[in-house]
Novice: 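What follows is a structure written as structure tokens; I'll ask about it next.
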Protein chains: 2
Amino acid sequence: MGLKGQFQNYLREQGLKSTRQRDIILDAFLEAGVHLSTEELYLKLRPYHPHIGYATVYRTLKLFAESGIAAERHFGDGQARYEANSEEEHHDHLICTDCGKIVEFENHRIEQLQEQVAREQGFCITRHRLDLYGLCPECQT
Amino acid sequence: MGLKGQFQNYLREQGLKSTRQRDIILDAFLEAGVHLSTEELYLKLRPYHPHIGYATVYRTLKLFAESGIAAERHFGDGQARYEANSEEEHHDHLICTDCGKIVEFENHRIEQLQEQVAREQGFCITRHRLDLYGLCPECQT
DNA sequence: CCCCTTTTGAAATCGATTTTCAATTTAATA
DNA sequence: TATTAAATTGAAAATCGATTTCAAAAGGGG
Ligand SMILES: [Mn+2]
Ligand SMILES: [Mn+2]
Ligand SMILES: [Zn+2]
Ligand SMILES: [Zn+2]
């Protein structure tokens with residue numbers, strides 16, 4: 001079952017409707033594939049679907065996140081960004097503060113240590129965020 | 001040299017001026033000592049110094065961050081928060097999503113692994129952010 | 001098709017942040 | 001101490017992304 005099927009299931013379960021706009025936005029979102037902001041997706045769609053409003057893109061991305069097919073991220077540039085949740089593992093990010101490039105990484109050992117830290121403090125962790133900011137290879141003169 | 005001296009040096013170096021407001025705000029900021037938002041500090045000051053405007057508190061906290069005596073943090077509640085940079089080690093945070101409690105922690109091994117990840121990707125890290133969200137001991141029923 | 005519910009799009013609103021601008025203050029210099 | 005140029009202040013306005021409002025339109029079960 002792909003992300004599209006997963007989303008359709010979510011709509012059905014919640015008594016929500018499948019609409020032309022949601023289909024179009026989901027296709028564009030999956031095709032874009034990067035860490036996209038609401039505005040970026042809206043602008044990307046506009047040339048082909050000028051009838052789709054910003055509010056609809058905004059609401060639909062929220063819905064993707066609720067349904068679990070996407071995740072909302074905040075990298076400190078002031079806007080929320082979304083990325084598709086493939087069935088792969090969770091990952092964290094390296095962000096270039098110069099050109100904005102975002103590289104994903106996974107590190108199981110770090111995740112384990114986070115769990116350990118939380119346990120020591122008596123916390124029960126539901127999610128975490130690890131962002132590393134610096135210069136990518138190209139931006140180091 | 002304490003944080004106050006450090007800030008005075010920064011002002012001098014940058015050709016900025018030492019003012020009554022900056023002194024008052026710095027004292028209040030250092031005294032408060034928690035993860036304070038601009039608004040919280042403004043409200044804390046107001047009873048004693050009703051003549052100090054919100055914009056001044058805002059600008060002064062930014063200045064603290066620029067000078068290096070404070071750090072700006074974002075814990076996802078929509079407002080920036082500031083904390084004094086004691087000469088102690090860097091630390092990260094556990095945040096209770098129920099009551100908002102924030103617990104600080106240090107984990108040298110995690111920091112090392114972050115460096116290693118960055119090195120593998122050719123990045124040169126300047127800062128990072130590790131936030132663990134979940135329920136604190138009190139909020140786990 | 002009917003009817004009820006959900007969705008849409010444009011515009012308005014929201015809350016935090018940031019800027020504007022005229023008046024005031026600082027601090028270097030005469 | 002008086003002069004002066006530059007920086008700062010405070011109130012209000014502007015900005016910015018996110019979110020809501022609301023009337024019109026569309027979905028979909030029966
Ligand atoms: Mn990612
Ligand atoms: Mn802290
Ligand atoms: Zn770069
Ligand atoms: Zn709690």
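Numbers restart at 1 for each chain; the letters A, B, ... are given by sequence-line order, proteins then strands.
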Novice: Any side-chain N or O of B/K62 less than 4.0 Å from the OP1 or OP2 oxygen of C/dT18?
Specialist: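 Yes, such a contact exists.
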Novice: If you measure from CG on A/L26 to CD on A/Q21, what distance do you get to the nearest 0.5 Å?
Specialist: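 Output value for this atom pair is 13.0 Å.
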Novice: Just how far, in rounded Å, is C1' of D/dT19 from CG of A/L61?
Specialist: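 Atom CG in A/L61 sits about 14 Å away from atom C1' in D/dT19.
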Novice: Is any side-chain N or O of B/K17 under 3.5 Å from a base N or O of C/dT26, one able to act as donor and the other as acceptor?
Specialist: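 When only heavy-atom distances are counted, B/K17 does reach the base of C/dT26 through a donor-acceptor pair under 3.5 Å.
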Novice: Identify which one of A/I24, A/L41, A/T60 satisfies the side-chain contact (heavy atoms from CB on, under 4.5 Å) criterion when paired with A/I52.
Specialist: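 Of A/I24, A/L41, A/T60, side-chain contact (heavy atoms from CB on, under 4.5 Å) with A/I52 is met by A/I24 alone.
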Novice: Round to a whole Å and report the spacing from CD1 of A/I24 to C1' of C/dT7.
Specialist: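 After rounding, the gap between these two atoms is 14 Å.
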Novice: C/dT25, OP1 or OP2 - any side-chain N/O from B/Q21 closer than 4.0 Å?
Specialist: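 It does not, given that no N or O in the side chain of B/Q21 lies less than 4.0 Å from OP1 or OP2 of C/dT25.
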Novice: From the options C/dG9, D/dG28, D/dA18, select the nucleotide whose nearest atom is closest to the side chain of A/S18.
Specialist: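 So the side chain of A/S18 is nearest to D/dG28.
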Novice: Rounding to a whole Å, what distance do you find between B/Y42:OH and D/dA11:P?
Specialist: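 So the OH-P distance, B/Y42 to D/dA11, works out to 7 Å.
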Novice: Find which nucleotide of DNA chain D each of B/L63 and A/G78 is nearest to by heavy atoms, and output the residue with the more 5' nucleotide.
Specialist: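 So the residue in question is B/L63.
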Novice: Quick check for you: among D/dT9, C/dG9, D/dG10, whose closest atom lies nearest to any side-chain atom of B/R22?
Specialist: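 For the B/R22 side chain, the nearest candidate turns out to be D/dT9.
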Novice: Atom CD1 of A/I25 and atom P of C/dT7: how far apart are they, to the nearest Å?
Specialist: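 These atoms are roughly 12 Å apart.
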Novice: Roughly how far, to the nearest 0.5 Å, is CD of A/Q8 from CD of A/E13?
Specialist: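 Separation between the atoms: 11.5 Å.
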Novice: Over how many whole Å does the gap from B/H74 atom NE2 to D/dC16 atom P extend?
Specialist: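 In whole Å, D/dC16 P and B/H74 NE2 are 17 Å from each other.
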Novice: Give a yes/no on whether any side-chain N or O of B/T56 is located under 4.0 angstrom from OP1 or OP2 of D/dG10.
Specialist: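 Yes.
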Novice: Taking the side chain of B/Q79 as heavy atoms from C-beta outward, which of D/dT8, C/dT17, D/dT19 is closest to it?
Specialist: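 In terms of side-chain proximity for B/Q79, the closest of D/dT8, C/dT17, D/dT19 is C/dT17.
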Novice: Please tell me which of B/T19 and A/P50 maps to the more 5' nucleotide of DNA chain C, matching each residue to the nucleotide holding its nearest heavy atom.
Specialist: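 Nearest nucleotide further toward 5': that of A/P50.
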Novice: Does a nitrogen or oxygen in the side chain of B/T38 sit under 4.0 Å from OP1 or OP2 of C/dA16?
Specialist: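 Checking C/dA16 against B/T38, no side-chain N or O comes under 4.0 Å of OP1 or OP2.
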Novice: Between the base of D/dG27 and the side chain of A/R20, is there a donor and acceptor pair under 3.5 angstrom?
Specialist: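 Not at all, since no donor on one side and acceptor on the other fall under 3.5 Å apart.
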Novice: Given C/dT6, D/dA7, C/dT17, identify the nucleotide with an atom nearest to the side chain of B/L16.
Specialist: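 Minimum distance to the B/L16 side chain belongs to D/dA7.
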Novice: Measure from the side chain of B/R59, starting at C-beta and using heavy atoms only, and say which of C/dT18, C/dG9, D/dG10 lies closest.
Specialist: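 That would be D/dG10.
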Novice: OP1 or OP2 of C/dT8 less than 4.0 angstrom from a side-chain nitrogen or oxygen of A/Y54, does that happen here?
Specialist: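 Indeed not, no polar side-chain atom of A/Y54 lies that close.
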Novice: Looking at B/E40 and B/H35, what are the two nearest heavy atoms and their distance?
Specialist: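 Scanning both residues completely, I find the closest heavy atoms to be OE1-O, 3.9 Å.
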Novice: Enter the distance from A/L3:CG to A/F29:CZ here, rounded to the nearest 0.5 Å.
Specialist: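 A/L3 CG to A/F29 CZ: 8.5 Å, rounded to 0.5 Å.
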Novice: Write down the atom of A/L11, the atom of A/S18, and the distance for their closest heavy-atom approach.
Specialist: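 Result for this residue pair: CD1-CA, 4.0 Å.
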Novice: Using atom CG of A/D23 as one end and atom C1' of C/dT8 as the other, report the distance to the nearest whole Å.
Specialist: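 Interatomic distance, CG of A/D23 to C1' of C/dT8: 15 Å.
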Novice: Report the nucleotide, chosen from C/dT7, D/dA5, D/dA11, that has the shortest atom-to-atom distance to any side-chain atom of B/A55.
Specialist: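 Closest nucleotide among those given: D/dA11.
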Novice: Between C/dA16, C/dT17, D/dG10, which nucleotide gets closest to the side-chain atoms of B/E39?
Specialist: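 Minimum distance to the B/E39 side chain belongs to C/dA16.
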Novice: Specify the separation, in whole Å, of atom OH of B/Y58 and atom P of D/dA13.
Specialist: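 In whole Å, D/dA13 P lies 19 Å from B/Y58 OH.
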Novice: Starting at CG of B/D77 and ending at P of D/dG17, how long is that distance when rounded to a whole Å?
Specialist: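 My rounded result for the distance is 19 Å.
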